[in-house]
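Protein chains get the first letters and strands the later ones, always in sequence-line order, with residue 1 at the start of each. None of the values given here were measured: they were computed from a predicted structure.
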There are 2 protein chains.
Amino acid sequence: MLTEKLNQIKKFYRRHRRLPSYSEMLKLFGFSSKNAVFKVVQKFIDEGLIKKDGNKLSPTSRFFALPLLGNIKAGFPILAEEDHSYLTLDEYLIGDPQSSFLLKVSGDSLIGIGIFDGDIVIIEQKKNANTGDVVLAQIDREWTLKILRKGYLEAANPKYPPFYPHQELQIFGVVKAVVRKFN
Amino acid sequence: MLTEKLNQIKKFYRRHRRLPSYSEMLKLFGFSSKNAVFKVVQKFIDEGLIKKDGNKLSPTSRFFALPLLGNIKAGFPILAEEDHSYLTLDEYLIGDPQSSFLLKVSGDSLIGIGIFDGDIVIIEQKKNANTGDVVLAQIDREWTLKILRKGYLEAANPKYPPFYPHQELQIFGVVKAVVRKFN
DNA sequence: TTGCAAAGTGAACAACTGTTTACTATACTG
DNA sequence: CAGTATAGTAAACAGTTGTTCACTTTGCAA
């Protein structure tokens, strides 16, 4: 089966974060001739799962990304094979990997905008932000995650008052995305 | 500078989804001897950014993953270099890539559990789920995303009533994670 | 200025890369 | 059954791989 071989390659890619070489696939598939591997790989290339990159192989986005289906509409056959695009969450959510980091959120001060306790936010480091941005900031030397307003910080939860700095309000980064895992 | 070379390799990895070979790095760095590259790579190996994998190179998780910082606590120096772990969002959020797909959410029926209009959910395909799971289901032939209860579906928004099936309630998958991008 | 480690050059090497060719076994179609 | 496309074997090949050795250049501390 061909999809079984694809899964073996995907498994290898997940473990090693690189595609196996032809001789590695040889062992992987249990073949005894590299040409057999060559022909299998050619099929994956034809299907657009792998591509040639110089004299090497590299995976296409279809290889490792997940299919993204459109909106749910009543009675709509969302699982139809068309109009897929393929998405990597890292690529989708992280704009500038160099200046970004993740932060585990604690507290309920941002539940109004759907950031819950235990969520992970992607923060892009920068020293200034726009009003309305969710920022990681130090207000009077205390770290916090809040919405930036003109000269103060605001929670997204009616039970918290606005936060006016007594001395200092310093911005360290802007929240670009949230991520939550269930269970 | 060494970090500049690392960024060049990262850039290459993002474009090609594989590490460059020594001769490719040669061009990348502007060197004229492969040995110079060899020594640079050795440093990255020493730092744990790249590792040897057979007779090939492969990136470690520190190479492409983002640092995850702990919870924010008042006054806590979260940016201290210690107790980092490194996280790939894809690996963190997607348990079984083979059976998962993404779905763009429309509607406000799940705002109570922090799933908003425009969010993307990661769905794992399966035909049965536990009570309390957020499921992708077909209720009387209409697709929907709701919370599964005993024999019916429920929104997470007081403005919607429970959804009892007239004929049929079929489950297609379980929501394992949500993801939201700001701006 | 001297001494020395770090950084880079250049050439050589065996091992492995992907690819090709020629041939055989297998499976399927009419 | 025969005919033929598909799948796999075996061996050979040039180009590239990562690695090593000997040497030169650069930068920096004493």
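Contact of the B:L102 side chain with the A:L89 side chain is registered, since non-hydrogen atoms from C-beta on lie closer than 4.5 Å. In this structure, the side chains of A:I115 and B:F182 come closer than 4.5 Å at one or more pairs of heavy atoms. Between B:F44 and B:L19, every side-chain heavy-atom pair lies at or beyond the 4.5 Å cut-off. Annotation: side chain of B:K52 is in contact with side chain of B:L57 (closest heavy-atom distance under 4.5 Å).
Taking CG of A:L93 as the start and CD1 of A:I122 as the end, the distance is 5.0 Å to the nearest 0.5 Å.
Between B:F12 and B:H16, the angle of the ring planes stays under 30°, which puts this pair in the parallel group of the 30/60° scheme. Using the six-membered ring where Trp is involved, B:Y164 and B:Y152 have ring planes that are parallel, under 30° apart on the 30 and 60° scheme.
Look at CG on A:L2: it is 13 Å from C1' on D:dT6, rounded to the nearest Å. Rounded to an integer number of Å, the gap from B:L26 CG to D:dT19 P is 15 Å. Atom NZ of A:K56 and atom C1' of D:dG15 are 12 Å apart (whole Å). If you measure from atom CG of B:L57 to atom C1' of D:dT19, you get 12 Å, rounded to the nearest angstrom.
For the contact set between residues 30-44 of chain B and DNA chain C, defined by any heavy atom under 4.0 Å, the members are B:F31, B:S32, B:S33, B:N35, B:A36, B:K39, B:K43.
Judged by the 6.0 Å distance and 45° axis criteria, A:R17 is not positioned over the aromatic ring of B:F64.
An end-to-end axis angle of 30° holds for the helix from C:dT1-D:dA30 to C:dG30-D:dC1, taken from five base pairs per end and rounded to 10°.
OP1 or OP2 of D:dT19 lies within a sub-4.0 Å distance of a side-chain N or O belonging to B:Y22.
For the side chain to side chain contact (heavy atoms under 4.5 Å, CB included) with B:V175, the lone residue among B:V105, B:L145, B:V135, B:I147 that qualifies is B:L145.
Residues A:R18 and A:E24 are paired through a salt bridge, judged by an N-O separation under 4.0 Å between the basic side chain and the carboxylate.
The outermost nucleotides of DNA chain C lying under 4.0 Å from heavy atoms of chain A, listed 5' to 3', are C:dT17 to C:dA22.
When all heavy atoms are compared, the tightest approach of A:A137 to A:L169 is CB-CD1, 4.1 Å.
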